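Remarks on the structure that follows.
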Amino acid sequence: AAYFQERLRTVQDHRIVGGVRGVGMLGAVELVRDKHSRERLAPDAFGAVYCRNQANSGGLMVRQTGDAMITAPPLICTRKEIDTLVEMLAIALDETAAHFGVH
């Protein structure tokens, strides 16, 4: 769980991530258009819906709630699997930022 939280926090610096929080094997990544103003990425949480769909299409099962992406890997997984999860999430974040024109 500590390794999962450590690795998940590496997406904190992504241009559309406003915050990362979690406990144990549960994590949430909040999406924003602007980190300083905390402006929503898109109305009606569509930014997180889009990101969820990109992640799911890439093989990563996450869910969306509000403007956040929720991830909960299996309780029994390897460090390599956690690394892969975070890499897949970063790809979905990149695709989402490009779609919404955030540079």
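Everything numeric here is computed off the predicted structure, so don't read it as measured data. Sequence positions, counted from 1, serve as the residue numbers for this chain.
Sorted by first and then second residue, the salt bridge (Lys or Arg N to Asp or Glu O under 4.0 Å) pairs involving residues 61-76 (not counting sequence neighbours) are Arg40-Asp67. Applying the salt bridge (Lys or Arg N to Asp or Glu O under 4.0 Å) test to residues at least two apart or on different chains, the pairs with a partner in residues 5-25 are Arg7-Asp83. Note on residues 25-34: pairs passing side-chain hydrogen bond (donor to acceptor under 3.5 Å, both in side chains), not counting sequence neighbours, are Glu30-Arg38, Asp34-Ser37. Sorted by first and then second residue, the side-chain hydrogen bond (donor to acceptor under 3.5 Å, both in side chains) pairs involving residues 90-103 (not counting sequence neighbours) are His14-Asp94, Tyr50-His99.
Val23 and Phe4 sit in two unconnected hydrophobic clusters of ILVMFWY residues. Membership requires side-chain heavy atoms under 4.5 Å apart, directly or through other members. A single hydrophobic cluster is seen to contain both Tyr3 and Val29, as judged by linkage of ILVMFWY side chains at heavy-atom distances under 4.5 Å, directly or through other members.
Closest non-hydrogen pair, Ala55 versus Val62, comes out as CB-CG2, 3.7 Å. Pairing each heavy atom of Ala42 with each of Phe100, the nearest pair is CB-CE2, 3.6 Å. Of all heavy-atom pairs spanning Met88 and Gly59, the tightest one is CE-C, 3.4 Å. Here the closest non-hydrogen pair linking Cys51 and Leu93 is SG-CD2, 3.9 Å. Looking at every heavy atom in both residues, Leu8 comes nearest to Ala28 through CD2-N, 4.2 Å. Nearest heavy-atom pair across Ala48 and Gln64 is CB-CG, 3.4 Å.
Side-chain contact check for Thr71 versus Pro73: some heavy-atom pair is nearer than 4.5 Å. A heavy-atom distance below 4.5 Å is not found between the side chains of Leu41 and Phe46. The side-chain heavy atoms of Met25 and Pro74, taken from C-beta on, include no pair separated by under 4.5 Å. Here the side chains of Ile82 and Thr84 are not in contact, with every heavy-atom distance at 4.5 Å or above. For the pair Glu39 and Val32, the minimum side-chain heavy-atom distance is 4.5 Å or more.
A donor-acceptor distance shorter than 3.5 angstrom exists from the side chain of Lys35 to the backbone of Val17, with no hydrogens or angles considered. In this structure, the side chain of Thr78 engages the main chain of Glu81 through a donor-acceptor pair within 3.5 Å.
The distance from the CE atom of Met61 to the CZ atom of Arg52 is 9.0 Å, given to the nearest 0.5 Å. Interatomic distance, CG of Leu85 versus CG of Leu60, reported as 5.0 Å (0.5 Å rounding).
Shown here are the side chain to side chain contact (heavy atoms under 4.5 Å, CB included) partners of Ser57, two or more places apart in sequence or in another chain: there are none.
Using a 4.5 Å cut-off between side-chain heavy atoms of Ile, Leu, Val, Met, Phe, Trp and Tyr, Ile70 falls into a hydrophobic cluster with Leu26.
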